[in-house]
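Below: the structure, in C-alpha cells.
Everything numeric in this text was worked out from a predicted model, so none of it was measured.
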2 protein chains.
Amino acid sequence: MNRRVPDNALNLPTLADVARAAGVSTATVSRCLNSPSQVQESTRERVLAAVMALGYSPNFGARALAARRTGTIGAIIPTMENAIFARAIQAFQEELHLSGVTLLVASSSYSPQNEADQIRTLVARGADALLLIGHDRDPGIYAFLEQRGVPVLVSWAFDPAQARPAIGFDNRRAMAALAKEVLRLGHQRVGMISALAEGNDRARDRISGVRDALRDHGLDPTALHLIEIPYSIANGAEAMAKLMALPARPTAVICGNDVLAVGALQMARKLGLRVPADVSITGFDDIELATVVDPALTTVHVPHREMGREAARLLVAMVGGAGSPPPVCLETEFCPRGTLAAPSA
Amino acid sequence: MNRRVPDNALNLPTLADVARAAGVSTATVSRCLNSPSQVQESTRERVLAAVMALGYSPNFGARALAARRTGTIGAIIPTMENAIFARAIQAFQEELHLSGVTLLVASSSYSPQNEADQIRTLVARGADALLLIGHDRDPGIYAFLEQRGVPVLVSWAFDPAQARPAIGFDNRRAMAALAKEVLRLGHQRVGMISALAEGNDRARDRISGVRDALRDHGLDPTALHLIEIPYSIANGAEAMAKLMALPARPTAVICGNDVLAVGALQMARKLGLRVPADVSITGFDDIELATVVDPALTTVHVPHREMGREAARLLVAMVGGAGSPPPVCLETEFCPRGTLAAPSA
DNA sequence: TGAAAATATGTAAGCGCTTACATTTGTCTC
DNA sequence: GAGACAAATGTAAGCGCTTACATATTTTCA
C-alpha cells in the first residue's frame, strides 16, 4: 500500500485528472480556468466538459501556493455586534465579490492588542490586503505589513496629516458642524458621551470637533462635560444618567455615535425627561437604529455604503499593483430629526 | 538572472531559512510550530528565537496544501445588515478562535441561488467545514458537500425529521407558545407578518406554530391574515399598513421576527394607533432592537450566543473527525414586554 | 550492563497548482 | 513556397510546507 494514500482520502479530482480526461496538458487546463482567452475555443470546451464530468474544483492551497496570492482581502472592524460597520462591510463585500475576491472579516472588540493579533492572523491566513478602521495603531504594525508586502487601506477616517492610503471622512469637521447647530440653538451647557478616545482617532476627532465648535462660539472648550465609555446602548444610558445627575445639568448631550445616543434617549425617557423639550440628544453615523427610536435621532449621516464600495475598488487596485492612491475624503451630512431643539427657557 | 525570482519578490523568510538559522531540519521547525511538545525544550527555544529574529510567519497556501486543511470554517448567513445573526456569529467566532480556527462569513441575501454560490465559493476557498442556517436547500448541495468531504452543521432550526447534524430551536413550538399567549388574552383576529416562507424553513415553521395555536384555541387556522415579505423594517411597516387597512382589522399582529415587528410598531404609531391598547404586536428573536423601541417589544428570546458557541464546538469536533453529532435542540423563552395586551373591548 | 522502549531529530517525498520557457502549428507576406 | 511571425499548447520546475518513515540518542529496567 502506497504510504501516501491515507485510508480516509477523498481522492478528489485534480488538475492532472482533468488534463488526462480532456487529453491536454495541465497547463492548458490551468489556462482554461484562469485566462480562458489564451485557449482555443474547441479545446476550452473539451476541458470544461471534463471539469464538469469529474466535478473538479481547484485546490485552494495549491493555487495560493503557486500563484502567490489568495484572492482574499481582510477587514478588521471594532465590532460586529452593532450595525455601525455592517452597512459599509456589506457594500465592501459586494464590491469585492465583483472582482472575485473573498472577504475575511475579523473584529477587535475595540482592543488594540486584539486588533494586532487579528492583523497577524489575517496576514497569516494569506490576506492579500487589509482594510482597517482608523489610523491609530502601533507603528510596528504598519512596519510589519509593509515588510510582508501587504497593502493597507485605512477607512472611517480622513486625516490630511497621514500620507497612507485612506478613505473616510473628516470626523472632526463633521462633528463640529453638528455641534455648531446645537450651539446655534442656544445651548450653553453641553454634555458629551464618547467612545474611549484611547487608541480611537475617530472618537478623539469627534471630541475635538465639539471643542472646536464651543471655542468658535466663545465658550470654554474645557468646560465640556465629557464621559468616555465603550460603545453600547446600556453604556450610553448609564452615562446619560450621570450627566443628568450633574448639578448644572446639560441641556444638550452630544453622543459620539448613534448607539450611545439611543442609550441616552432611553435613559432620558426613564428619568421622565422629555426629548427634546427637556434635553436634546444627538448621535453620529445615521444607522438604522437612529430612525427607529421615537423621536428619531438627530445625527450625522455617514456615507457608509459609498465608503465600503470605494474601499473595495481601491484595495483591488492596490493588490493589482496600482500603487498607493491618495487619501479620499467623503462628505458627511447633518441630519436634523426629532431629538434636537432649542433649550427651554 | 534566475527566472524564478521576479523583481518584485519580497523574499520573505521560509521554513528552510529558519531551519538553517537554528541549525535544525525543516521538520523540527515545523514541529515546533505545530506540535511543540514533540520537540525538546532547548531546541524549541533555539528555533523560536530564529523565528523571531527572521520575522518568520508560515505561508498559508503551502501549509494548507501540505496539511490538507486550512483551519478555516465558513458560515453563510442570510444577511449581515441587521442584527439577527450578529450575536450568534460573534459568539461562534470567539469560540472558533479558541481553537485557532478562522471564520469566513458570507451572506446570501435570503436567495437560495446566492447561497448555493456562496457555499461553492467557501468550499473552493478551502473551508474545512460549514455552518448553514436552516435545513431547507437543494439536496444537490448536501450531496456536493458530502462528496467534497466537508462537514456541515445546520443551525437556527431543529427538526427531528432531519437526521443531519444541527443545533437550533423548535421554531414551530416557540412561535406556538407565543401565539398561545396572544390568544389567551382574548385576541380573535390575528394578523401575521412573516418572512418569505419559500426556501426558509424557520419562517415556515413559525407560521405553522401560529396556526397550531389557532387550532388549539378552536379558531380556523386558515383564516390567519398572513403577509409574507422580506425582512426589513420598512417592509414590516408596509405590511402593517396593509393589515390595518383590512375591513376586520386584526387586534394582534404576530411578526416573524423583531425587525418586522419594529417596522410594524413604527407604522402603528404613524397611523395613530396606540400599542398595545389599539393593537398588539409581537416579535421573535429578542435582538437588541426589541428593547430599544417604546414600548419594548414582546418577543421570543432565542439563545443566540449559546447557539453560536455550541455550534463552534460541534464543528471543530466534526473537523477533528468526531463523526456526526445528533441534532441539538435549545430552549427559547417567551419574553413578555410592552407590546402585547388584551384587546380593548 | 545491555537490550528494549521511548524520545528526539533528520530525510525527502509529495501536496496540486501556476507559469517561464520551449515547441508545435497555423497564418501571412512577398 | 520560404521565411517571419503569431497563436496554441506542452514541459517541467518550483511554490513552502507537512509528515511517514528512518535514524540517532536517551531512558528504563530486568
Round to a whole Å and report the spacing from [atom1] of [X] to [atom2] of [N].
{"X": "B:E45", "N": "C:dA8", "atom1": "CD", "atom2": "P", "value": "14 Å"}
{"X": "B:R20", "N": "D:dC17", "atom1": "CZ", "atom2": "P", "value": "12 Å"}
{"X": "A:L33", "N": "C:dG16", "atom1": "CG", "atom2": "P", "value": "16 Å"}
{"X": "B:L65", "N": "D:dT19", "atom1": "CG", "atom2": "C1'", "value": "13 Å"}
{"X": "B:N59", "N": "D:dT18", "atom1": "CG", "atom2": "C1'", "value": "13 Å"}
{"X": "A:D17", "N": "C:dC15", "atom1": "CG", "atom2": "C1'", "value": "14 Å"}

So, do B:V319 and B:V101 sit near enough that their side-chain heavy atoms are less than 4.5 Å apart?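 When only atoms from C-beta onward are counted, B:V101 and B:V319 do not touch, as no gap falls below 4.5 Å.
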
Decide yes or no for B:H97 and B:L103: does some side-chain heavy atom of the first lie under 4.5 Å from some side-chain heavy atom of the second?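 No, every pair of side-chain atoms sits at 4.5 Å or beyond.
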
Please, which pairs that meet side-chain hydrogen bond (donor to acceptor under 3.5 Å, both in side chains) have at least one residue in residues 124-138 of chain A, sequence neighbours excluded?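 As it turns out, the side-chain hydrogen bond (donor to acceptor under 3.5 Å, both in side chains) pairs with a partner in residues 124-138 of chain A, which skip direct neighbours, are A:T70-A:D128, A:E115-A:R137, A:R125-B:T102, A:H135-A:R164, A:D136-A:R204, A:R137-A:Y142.
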
Contact under 4.0 Å: [X] side-chain N or O vs [N] OP1/OP2:
{"X": "A:R68", "N": "D:dG16", "value": "yes"}
{"X": "A:N34", "N": "C:dT18", "value": "yes"}
{"X": "B:S30", "N": "D:dC17", "value": "no"}
{"X": "B:R63", "N": "D:dG16", "value": "no"}

In degrees, rounded to 10°, what is the bend between the two ends of the helix from C:dT1-D:dA30 to C:dC30-D:dG1, using five pairs at each?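 Rounded value for the end-axis angle: 30°.
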
Which atom names give the shortest non-hydrogen contact between B:G74 and B:L122, and what distance separates them?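 Minimum heavy-atom separation between B:G74 and B:L122: CA-CD1, 3.9 Å.
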
Is A:R313 salt-bridged to A:E95, cutoff N-O under 4.0 Å?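 Yes, charged N to carboxylate O under 4.0 Å.
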
How would you list, by chain and number, every residue that makes a salt bridge (charged side-chain N to carboxylate O under 4.0 Å, His left out) with A:D201, sequence neighbours excluded?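 Here no residue qualifies.
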
Please list every donor-acceptor pair under 3.5 Å in which a side-chain atom of residues 48-60 of chain B meets a protein atom from a residue at least two apart or in another chain.
residue : atom : partner : partner atom : Å
B:N59   : OD1  : B:G61   : N            : 2.9
B:N59   : OD1  : B:A62   : N            : 2.8

Could you tell me whether A:F60 contacts a base, only the sugar-phosphate backbone, or nothing, with contacts defined as non-hydrogen atoms closer than 4.0 Å?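 A:F60: no heavy atom of the nucleic acid under 4.0 Å.
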
Base contacts versus sugar-phosphate-only contacts with protein, heavy atoms under 4.0 Å: please encode nucleotides 6-11 of chain D as B, S and - from 5' to 3'. --SBBB

Interatomic distance, A:L315 atom CG to A:L153 atom CG [nearest 0.5 angstrom]: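 Spacing of CG (A:L315) from CG (A:L153) equals 4.5 Å.
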
If you look only at distance, which donor and acceptor atoms sit under 3.5 Å apart when one is on a side chain in residues 20-28 of chain A and the other is two or more places apart or in another chain?
residue : atom : partner : partner atom : Å
A:R20   : NH1  : A:D17   : OD1          : 3.1
A:S25   : OG   : A:A27   : N            : 3.4
A:S25   : OG   : A:T28   : N            : 3.4
A:S25   : OG   : A:T28   : OG1          : 3.4

C:dT18, C:dG16, D:dG16: which one has an atom nearest the side-chain heavy atoms of B:A66?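 In terms of side-chain proximity for B:A66, the closest of C:dT18, C:dG16, D:dG16 is D:dG16.
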
